[in-house]
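The chains referred to below are lettered A, B, ... by the order of the sequence lines, with proteins before strands, and numbering in each begins at 1. All of these numbers come straight from a predicted model, not from anything done at the bench.
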Amino acid sequence: MAAAGGRIALENQGFLRHPRVYLELQQRLRAQLRSVLTAKYDLELENIPIEIPPDLQFGELATPIAFELARKLRKSPKIIAQEIVAALGAVDGFDGFEVAGAGYINARLDRAAGVRLVAGGKSLARVASGLHSLVEHTSINPNKAAHIGHLRNAILGDTFVRLLRAAGQKVDVQNYIDNTGVQVADIVVGLIHLENKTVAEVRALIAESDNHAADGERIDYYCWDLYARTSQWYEQGSDEENAVRKQLRYATLHEIEQGSNETAEIAELISTAVLKRHLETMLRLDIEYDFLPRESEILHLNFWEAAFEQMKQKGVLYFENEGKNKGCWVMRRPGAEVVEGALDEDAKVIVRSNGTVTYVGKDIAYHLWKFGLLGKDFGYKPFFTYSDHECWISAEHGDETHPHFGGAQATYNVIDVRQNDPQANLVQALRGMGFVDQADHCIHFGYEKVALTPRCALDLGYEIAQEDLDSPYILVSGRKGFGVKADDLIDKLIAATSAEVEARQTGADENERRLIAKQIAIGALRYFMLKFTRNSVIAFDFKDALSFEGETGPYIQYAVVRARNIFRKAGINPQTVLVEFAELTGIDAYLEGEAAQEIWALWLRAGRRTLVLEQCIASSEPAYLAKHAFQLAQEFNNFYHKHHILTEEDPARKTFLLATAAVALRELVMALSWLGIESPESM
RNA sequence: GCGCCCGUAGCUCAGCUGGAUAGAGCGAACGCCUCCGGAGCGUUAGGUCGGGAGUUCGAAUCUCUCCGGGCGCACCA
């Protein structure tokens with residue numbers, strides 16, 4: 001597996017019965033080329049490259065295969081290309097082939113046939129692929145409000161879930177809750193020792209925050225500040241005081257892990273309250289979960305012990321008798337050179353010399369469960385109700401009836417690239433235990449951080465060191481309370497879109513305007529987080545994030561609204577147009593000549609849906625779909641500008657143009673829905 | 001010291017398994033509403049793809065090296 005964003009063989013992805021225009025044509029061409037090469041040169045090539053040329057003047061598909069063969073056949077590429085073209089004959093869906101440049105073979109599609117194929121491409125037909133995947137995302141420490149970095153995580157994860165489901169996979173969405181970690185301990189230290197709160201007072205604080213949610217008294221915001229204060233408190237005193245405070249921190253952590261005491265009760269109360277807030281924040285973006293596994297259950301249900309036994313049995317772990325890791329159970333790191341009998345001081349510690357288990361160890365146990373290999377299960381209780389399903393949470397003693405989670409064939413872990421090493425260790429452990437297939441399908445869906453531009457940090461009122469002013473970005477820090485809270489950003493976006501909606505007097509009534517403003521705001525935010533590829537650091541700036549022009553979600557939504565307006569004015573719906581279009585003859589005439597190039601390009605782009613979906617899944621990269629949606633919108637806007645549909649006098653041509661708009665609309669709406677972006681009725 | 005990522009137009013970023021004249025958005029300059037809503041469309045300016053070497057018919061893409069930046073490398077999570 002590649003460290004960040006692995007690839008899975010495409011034949012496992014279940015696309016075979018999915019509507020696919022480009023892929024189908026590619027396959028036909030490839031098959032024909034293959035048989036020509038065999039017949040003519042007695043050559044069996046494993047891979048025949050077929051690409052999409054940079055310009056329509058070179059056709060719709062092309063292959064540089066002749067260059068590759070030139071040396072082997074001792075002929076010039078041009079001659080070879082000519083021979084192949086002569087031998088190709090007719091291929092269904094293609095108009096012809098020609099040699100261009102120094103030896104390219106360019107294929108021209110039968111445009112009318114291509115248009116028919118695209119027009120007939122059914123809207124989202126979900127074909128079960130038989131694959132069961134598990135996507136883990138969000139996983140925010142439940143001790144403070146969500147910030148923009150968490151938004152990137154959740155939006156990437158949620159979008160990928162939508163892509164897998166579009167490809168027909170069964171997907172479970174999990175949000176892992178570290179409710180017994182240091183970060184929760186810190187907030188508990190703050191509550192008990194800085195705020196002097198009792199269990200009853202914490203309970204009251206949470207109840208009060210529920211009632212005053214609108215006044216900024218929200219519990220996650222309260223914790224945001226308290227967490228920052230507590231983090232500073234550890235370092236503010238004299239050396240002796242700080243040592244005592246750190247002791248307090250670890251004593252608190254220990255009590256939380258143990259459970260059944262007041263400290264643990266406070267941790268449980270506060271982490272659950274903050275978790276609820278996180279779910280509410282994410283719901284604003286249409287992000288939902290199926291299951292919330294918590295670390296407390298992984299501890300109390302002894303998941304680790306079961307994993308430990310397996311790992312010892314399979315020889316993945318060994319007890320170290322010497323060196324710096326003496327007394328620990330350790331594991332070889334991936335890529336470590338195995339020298340028999342030699343001391344491997346670089347080995348990863350899984351069980352400490354005091355008998356406690358490290359993070360990676362717990363994660364291994366959790367992942368064995370994910371793949372159904374642990375031989376243990378969580379208890380389950382309902383926790384949060386969505387409009388059409390329930391989100392469950394882990395429990396020591398759960399309800400009798402509950403859905404089944406875990407036992408997936410593939411898992412995607414949406415986690416920051418900084419966790420590259422631990423994720424690699426995890427995969428190594430699975431592989432070492434003989435679970436090779438699972439290791440290959442345990443994918444670290446890594447992504448880079450969201451930082452702030454220095455200007456943005458200054459605008460927020462933070463003090464910036466002189467040397468940081470020139471750097472491209474400044475890292476956010478929960479510990480310092482330095483960052484942009486998710487809800488604040490969403491509020492700002494909605495305020496901005498509301499102002500626009502009011503100014504344009506969009507929408508019939510107050511409720512509708514509110515809905516539209518929300519749809520646009522979410523569209524802008526989700527697109528902003530998805531337009532960058534995963535390994536690019538986002539330097540966050542309000543100016544860019546609040547932009548609704550150019551390469552943005554609202555730009556694409558606007559294209560949809562324009563298309564819908566055409567049908568509204570014409571008094572006909574897109575489906576009806578496509579039915580009429582199926583009966584229309586002589587469409588070739590509308591696809592020829594210079595003027596038709598952009599229209600044909602739009603149809604071609606519309607036919608790329610499945611190709612793009614496949615690329616996104618194979619490379620774990622939703623940004624490709626974001627780019628596709630934008631380009632489609634761009635080409636539609638271009639078409640919209642140049643071809644006035646409603647005043648077209650030739651009824652046949654008018655039907656053709658309407659069909660073009662109908663297909664563009666269908667593909668735009670679908671692409672947006674896969675991105676988790678709604679298509680407003682007007683804007 | 002070891003490992004991973006990044007360096008492409010003034011700014012922010014695309015560039016698919018190496019392939020045809022290196023693209024988009026923003027910003028800049030100038031245009032386009034008697035015509036399906038201008039959150040739109042068009043034109044112009046702007047790049048030795050960090051430097052160098054190599055592999056190849058062909059390199060932004062692969063290899064090596066150097067420079068510059070980020071992040072990992074805990075008996076933390």
side-chain N/O [X] vs [N] OP1/OP2, d < 4.0 Å:
| X | N | value |
| --- | --- | --- |
| A:Tyr624 | B:G15 | yes |
| A:Tyr558 | B:A39 | yes |
| A:Asn325 | B:C75 | yes |
| A:Arg418 | B:C4 | no |
| A:Arg504 | B:A39 | yes |

Q) Any sub-3.5 Å donor-acceptor pair from A:Thr63's side-chain atoms to A:Ile65's backbone N or O? A)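 Between the backbone of A:Ile65 and the side chain of A:Thr63 there is a qualifying donor-acceptor contact (under 3.5 Å).
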Q. Quick one: does A:Thr576's side chain have a donor or acceptor within less than 3.5 Å of a partner on A:Ile572's backbone?
A.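 Pair absent, no side-chain N/O of A:Thr576 close to backbone of A:Ile572.
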Q. Has the side chain of A:Thr647 got a donor or acceptor that lies under 3.5 Å from a partner of the other kind on the base of B:C35?
A.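 Not at all, since no donor on one side and acceptor on the other fall under 3.5 Å apart.
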Q. Can a donor-acceptor pair under 3.5 Å be found between the side-chain atoms of A:Asn106 and the base atoms of B:A20?
A.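 Yes, the side chain and the base share a sub-3.5 Å donor-acceptor pair.
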I need the full list of salt bridge (Lys or Arg N to Asp or Glu O under 4.0 Å) pairs touching [range], with sequence neighbours left out, sorted by first then second residue.
| range | value |
| --- | --- |
| residues 444-459 of chain A | A:Arg455-A:Asp541 |
| residues 62-79 of chain A | A:Lys75-A:Glu83 |
| residues 547-561 of chain A | A:Glu551-A:Lys627 |

Q) Taking atom C1' in both B:G3 and B:G46, what distance in whole Å separates the two? A)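 Each nucleotide's C1' atom is 38 Å from the other's.
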(Q) Say we look at B:G27 and B:U44: how far apart would their C1' atoms be, to the nearest angstrom? (A)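 After rounding to an integer number of Å, I get 14 Å for this pair.
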**Q.** Watson-Crick or G-U pairs under 3.5 Å in RNA chain B, rendered as dot-bracket with [ ] for crossing pairs and | for another strand
**A.** (((((((..((((.....[...)))).(((((.......))))).....(((((..]....))))))))))))....
Q) Just by protein heavy atoms under 4.0 Å, how would nucleotides 54-60 of chain B read 5' to 3' in B, S and -? A) --SB---
Q) Can A:Phe58 be classed as stacking with the base of B:A20, given a centroid separation cut-off of 5.5 Å and a plane angle cut-off of 30°? A)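 Yes, A:Phe58 stacks on the base of B:A20, since the ring centres sit under 5.5 Å apart and the planes are within 30°.
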Q) Is the shortest side-chain N to carboxylate O distance from A:Asp346 to A:Arg332 below 4.0 Å? A)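 No, no charged N to carboxylate O under 4.0 Å.
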Q) Listed by chain and number, what are the ring pair (Phe, Tyr, Trp, His ring centres under 6.0 Å) partners of A:His150, not counting sequence neighbours? A)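 Ring pair (Phe, Tyr, Trp, His ring centres under 6.0 Å) check on A:His150 returns A:His147.
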Q) Among all residues two or more places apart in sequence or in another chain, which pass the ring pair (Phe, Tyr, Trp, His ring centres under 6.0 Å) test with A:Phe567? A)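 Testing A:Phe567 for ring pair (Phe, Tyr, Trp, His ring centres under 6.0 Å), a comparison that skips the adjacent residues, returns none.
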Give every pair of a protein N or O atom and an N or O atom of nucleotides 5-11 of chain B that lie under 3.5 Å apart, one pair per line with the distance.
unit_1	atom_1	unit_2	atom_2	d
B:C6	OP1	A:Asn535	ND2	3.4

Can you pull every protein N or O that's under 3.5 Å from an N or O on nucleotides 23-30 of chain B?
unit_1	atom_1	unit_2	atom_2	d
B:A24	O3'	A:Gln634	NE2	3.2
B:G25	OP1	A:Gln634	NE2	3.4
B:G25	O2'	A:Glu551	N	3.4

Validation: residues 354-361 of chain A side-chain donor-acceptor distances under 3.5 Å, sequence neighbours left out:
unit_1	atom_1	unit_2	atom_2	d
A:Asn354	OD1	A:Thr356	N	3.0
A:Asn354	OD1	A:Thr356	OG1	2.7
A:Thr356	OG1	A:Arg352	NH1	2.7
A:Thr358	OG1	A:Val349	O	3.2
A:Thr358	OG1	A:Ile350	O	3.2
A:Tyr359	OH	A:Gln419	OE1	2.8

Under 3.5 Å, side-chain donor or acceptor atoms of residues 49-62 of chain A against the rest of the protein: list the pairs with distances, not counting sequence neighbours.
unit_1	atom_1	unit_2	atom_2	d
A:Asp55	OD1	A:Gln57	N	2.9
A:Glu60	OE1	A:Leu109	N	2.7
A:Glu60	OE2	A:Trp600	NE1	2.7

Between the protein and nucleotides 42-47 of chain B, are there any N/O to N/O pairs under 3.5 Å, and if so, what are the atom names and distances?
none

